[in-house]
Amino acid sequence: MSKILMVASEAVPLVKTGGLADVVGSLPPALANRGHEVAVVLPRYSRISLDGAAKVYDNLPILLGGPGYRTDIFTVHVKGVPYFLVDCPPLFDRDGIYDSGGWAYGDNHIRFAVLCRAALEIARRMHRPQILHCHDWQASLVAVYLRHSFRYDPTFVGMRCLLTLHNLGYQGHFGREILPYIGLDDSLYRMDLLEFHGMVNYLKGGIVYSDAINTVSRGYAAEIQRPEYGFGLDGLLRARSNALTGILNGADYDEWNPETDPLIAANYSARDLTGKRISKRALLEELRLPTDNLDRPVIGIVSRLANQKGFDLIEPILGALMGEDLQLVVLGKGDPHYEWAFSKLAGDHPHKVATWIGYRDDLAHRIEAGADMFLMPSLYEPCGLSQIYSLRYGTVPIVRATGGLADTIDPSVGFPFHDYTPQALLDTIRAALRAFGDKPAWQETMRRGMARDYSWKTAAAAYSELYARMLP
Ligand code: ADP
Ligand code: GLC
């Protein structure tokens with residue numbers, strides 16, 4: 001069994017903005033169950049309380065060439081997994097994680113460089129792993145420091161590095177002038193290393209220098225090697241295709257299970273769906289929508305309001321949707337344009353639409369339970385967790401067949417469509433609305449989805465095999 005140190009920018013239950021946090025919260029305990037010795041490095045954002053945390057390292061200096069950063073390292077245990085929290089108040093003691101009100105922090109290049117260097121110091125002094133398992137651009141410099149800055153450092157000899165790509169749409173692009181401030185020299189500013197269209201690209205550095213790379217579904221692993229999905233890195237990914245695999249994420253059924261979920265109005269299972277109808281009524285009441293006809297379909301959306309998620313397809317068909325006998329429930333946060341569009345829609349159609357702008361985990365659970373259908377027409381989707389949760393809640397997914405959505409939703413459990421056009425989406429929603437009218441057949445579709453098993457066990461076994469292949 002291997003000793004692993006994960007590095008990431010978010011993890012449930014400590015801090016979450018999206019599916020990355022679900023993965024970094026669930027994969028380590030699943031790996032620990034298989035006998036791996038796993039720890040996780042995270043920044044200590046102000047929203048992570050230090051109550052019950054132990055300081056394990058006082059004043060660990062991080063020197064990057066510019067001013068030095070003083071960090072303290074704390075540990076907390078969650079589900080038996082140790083988390084090393086990098087405490088550096090000038091960098092992480094802020095309200096936002098990556099941005100403030102949609103504006104990325106101007107020193108993100110420093111914030112995540114410090115995270116990566118601190119992770120290597122933790123690897124040196126506190127938890128010496130065989131494999132550094134890094135997630136996304138925020139952790140990508142670990143590989144660069146390991147293979148470039150520390151290449152002659154005996155501490156790190158034999159240590160391997162795995163990079164998991166959760167989303168090619170976020171790469172960490174910064175100007176060339178940052179290099180001296182993150183402790184890297186200008187020799188790395190080369191097309192085959194960190195340079196990317198006149199910028200420094202952190203994720204590219206991770207892809208170049210990691211020993212192995214994986215993405216979060218097989219479909220996405222194939223897609224990102226094509227120009228349409230590669231965000232400019234498809235050529236590099238093709239060149240590294242021998243080191244690139246796809247491992248579908250799992251779902252944490254301790255958190256997302258209608259049989260036990262404490263956040264929903266009534267529990268239910270495939271055998272007895274009574275609680276789903278109670279949950280539907282409760283959701284409509286909570287959002288002040290009419291409950292006169294519980295046989296009217298409710299479509300749910302829980303999402304970051306980003307272009308990735310297909311909102312440019314939804315927007316043009318909103319008028320047509322309002323002509324259908326349905327109710328729409330939206331929970332989302334992100335692009336101000338879509339926040340405004342859905343708020344206005346709810347204002348214009350108060351009996352049909354409820355919009356909640358913000359981030360609310362409890363409401364996300366109640367929408368998964370109370371809606372009949374879940375809408376996720378993504379432009380691209382590395383894995384997607386919400387549709388996997390929807391399956392378990394008997395909430396039939398309407399998805400665009402891309403990446404992890406294509407790998408998890410077939411016509412026996414949901415409504416996938418291929419063409420990225422508003423018309424294809426509208427046709428598919430209408431097909432779902434018609435199908436909803438045939439109650440026995442609809443319930444069969446729900447039950448087939450509820451029986452699907454995407455637990456972390458399978459994914460953890462696949463990561464174990466990958467780790468084993470990476471080690472001599
Ligand atoms: P992504 O990571 O691209 O946002 P995923 O489907 O992998 O997409 O994961 C999204 C996760 O974030 C799910 O757990 C979902 O419930 C949650 N989520 C997204 N938006 C919100 C929101 N506004 N409020 C609460 N939870 C949200
Ligand atoms: C990213 C992707 C999403 C994936 C999540 C966890 O946020 O957009 O598809 O499920 O990471 O891997």
Side-chain angles (χ1 to χ4, degrees), residues 6 8-13 15-27 97-98 133-139 163-171 203 214-221 223-224 229 231 246-253 255-256 261 263-264 300-311 329-335 338-339 342-343 354-369 371 374-393 395 397 399-400 402-409 454 456 459 463:
M6 287 207 192
S9 57
E10 42 184 285
V12 162
V15 52
K16 167 168 170 176
T17 70
L20 169 65
D22 290 340
V23 174
V24 183
S26 304
L27 176 58
I97 303 305
Y98 309 117
H133 182 167
C134 305
H135 297 267
D136 277 353
W137 74 264
Q138 295 89 349
L163 176 65
T164 300
L165 304 172
H166 294 265
N167 195 332
L168 263 281
Y170 302 84
Q171 301 182 353
L203 192 71
N214 81 297
T215 73
V216 287
S217 68
R218 284 193 186 183
Y220 193 62
E223 284 174 351
I224 57 174
Y229 289 97
F231 284 94
I247 299 177
L248 190 75
N249 287 331
D252 184 344
Y253 293 126
E255 295 290 326
W256 297 94
D261 192 335
L263 299 170
I264 63 180
I301 295 178
V302 177
S303 185
R304 290 187 289 116
L305 299 181
N307 258 335
Q308 175 198 345
K309 301 294 179 178
F311 289 105
V329 169
V330 182
L331 168 62
K333 183 172 165 12
D335 188 331
Y338 295 121
E339 293 189 350
F342 282 110
S343 303
T355 298
W356 189 288
I357 299 301
Y359 193 90
R360 270 186 65 188
D361 187 51
D362 60 332
L363 185 55
H365 283 248
R366 288 196 285 278
I367 293 175
E368 290 284 9
F374 192 88
L375 188 57
M376 204 166 166
S378 305
L379 172 62
Y380 72 94
E381 197 60 71
C383 176
L385 292 166
S386 292
Q387 86 282 9
I388 298 179
Y389 303 150
S390 299
L391 287 177
R392 186 47 67 101
Y393 283 78
T395 304
V399 303
R400 170 136 185 282
T402 178
L405 295 173
D407 288 5
T408 51
I409 308 300
Y454 290 106
W456 270 106
Y463 277 100

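Keep in mind the model is a prediction, meaning the values are calculated, not measured. In listed order, ligands and their atoms are each counted from 1. Along the sequence shown, residues are numbered consecutively beginning with 1.
The two residues P397 and Q387 have their closest heavy-atom pair at CG-O, 3.9 Å. Residue F231 comes nearest to Q171 through the heavy atom pair O-NE2, 3.1 Å, listed as atom of the first residue, atom of the second, then distance.
Contacts of N167 with ligand 2, taken as heavy-atom pairs under 4.0 Å, involve the side chain alone. Contacts between N249 and ligand 2 below 4.0 angstrom, taking non-hydrogen atoms only, involve the side chain exclusively. For Q387, no heavy-atom contact with ligand 2 is shorter than 4.0 Å.
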Below 3.5 Å, can you tabulate the donor-acceptor pairs from side chains in residues 18-25 to any protein atom, sequence neighbours excluded?
{"residue": "D22", "atom": "OD1", "partner": "K16", "partner atom": "NZ", "Å": "2.8"}
{"residue": "D22", "atom": "OD2", "partner": "K16", "partner atom": "NZ", "Å": "3.2"}
{"residue": "D22", "atom": "OD2", "partner": "Y389", "partner atom": "OH", "Å": "2.9"}

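Looking at atom 1 (C) of ligand 2, its nearest protein heavy atom turns out to be H166 O, 3.1 Å. For atom 8 (O) of ligand 2, the closest non-hydrogen atom of the protein is Q308 NE2, 3.1 Å. For atom 9 (O) of ligand 2, the closest non-hydrogen atom on the protein side is E381 OE2, 2.4 Å. From the protein, the heavy atom lying nearest to atom 4 (C) of ligand 2 is G384 N, 3.6 Å.
Below 30°, between 30° and 60°, or above 60°: for Y220 and Y380 the angle between ring planes is below 30°, a parallel geometry.
Residue-environment remark: CZ (R304) exceeds the threshold of 12 foreign heavy atoms within 6.0 Å. Taking a 6.0 Å sphere around CH2 of W356, one finds it holds 12 or fewer heavy atoms contributed by other residues, nucleotides or ligands.
Using a cutoff of 4.0 Å between basic side-chain nitrogens and carboxylate oxygens, R392 and E368 are not scored as salt-bridged.
With sequence neighbours excluded, the residues that form a ring-ring contact (aromatic ring centres under 6.0 Å, His included) with F311 are Y338, F342. Applying the salt bridge (charged side-chain N to carboxylate O under 4.0 Å, His left out) criterion to R366, with sequence neighbours excluded, gives E286, D362.
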Report every pair formed by an N or O atom of ligand 1 and a protein N or O atom separated by less than 3.5 Å, giving atom names and the distance to 0.1 Å.
{"residue": "ligand 1", "atom": "2 (O)", "partner": "G19", "partner atom": "N", "Å": "2.6"}
{"residue": "ligand 1", "atom": "3 (O)", "partner": "R304", "partner atom": "NH2", "Å": "2.8"}
{"residue": "ligand 1", "atom": "3 (O)", "partner": "K309", "partner atom": "NZ", "Å": "2.8"}
{"residue": "ligand 1", "atom": "4 (O)", "partner": "R304", "partner atom": "NE", "Å": "2.8"}
{"residue": "ligand 1", "atom": "6 (O)", "partner": "L385", "partner atom": "N", "Å": "2.8"}
{"residue": "ligand 1", "atom": "6 (O)", "partner": "S386", "partner atom": "N", "Å": "3.2"}
{"residue": "ligand 1", "atom": "7 (O)", "partner": "L385", "partner atom": "N", "Å": "3.2"}
{"residue": "ligand 1", "atom": "8 (O)", "partner": "K309", "partner atom": "NZ", "Å": "3.1"}
{"residue": "ligand 1", "atom": "9 (O)", "partner": "G19", "partner atom": "N", "Å": "3.3"}
{"residue": "ligand 1", "atom": "14 (O)", "partner": "K16", "partner atom": "NZ", "Å": "2.8"}
{"residue": "ligand 1", "atom": "14 (O)", "partner": "D22", "partner atom": "OD2", "Å": "2.8"}
{"residue": "ligand 1", "atom": "23 (N)", "partner": "G358", "partner atom": "O", "Å": "2.8"}
{"residue": "ligand 1", "atom": "24 (N)", "partner": "R360", "partner atom": "N", "Å": "3.0"}

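The shortest distance between side-chain heavy atoms of L385 and N249 falls below 4.5 Å.
Here is the list of ligand 2 atoms found below 4.0 Å of a heavy atom in R304: 8 (O). Here is the list of ligand 2 atoms found below 4.0 Å of a heavy atom in V216: 12 (O). Per-residue contacts place V23 under 4.0 angstrom from the following atoms of ligand 2 (heavy atoms of the residue considered): 6 (C), 12 (O).
Closest heavy-atom approach to atom 5 (C) of ligand 2 within the set G19, G18, C383, S386: this belongs to G19.
Judged by distance alone, the side chain of D136 and the main-chain N or O of Q138 form no donor-acceptor pair under 3.5 Å.
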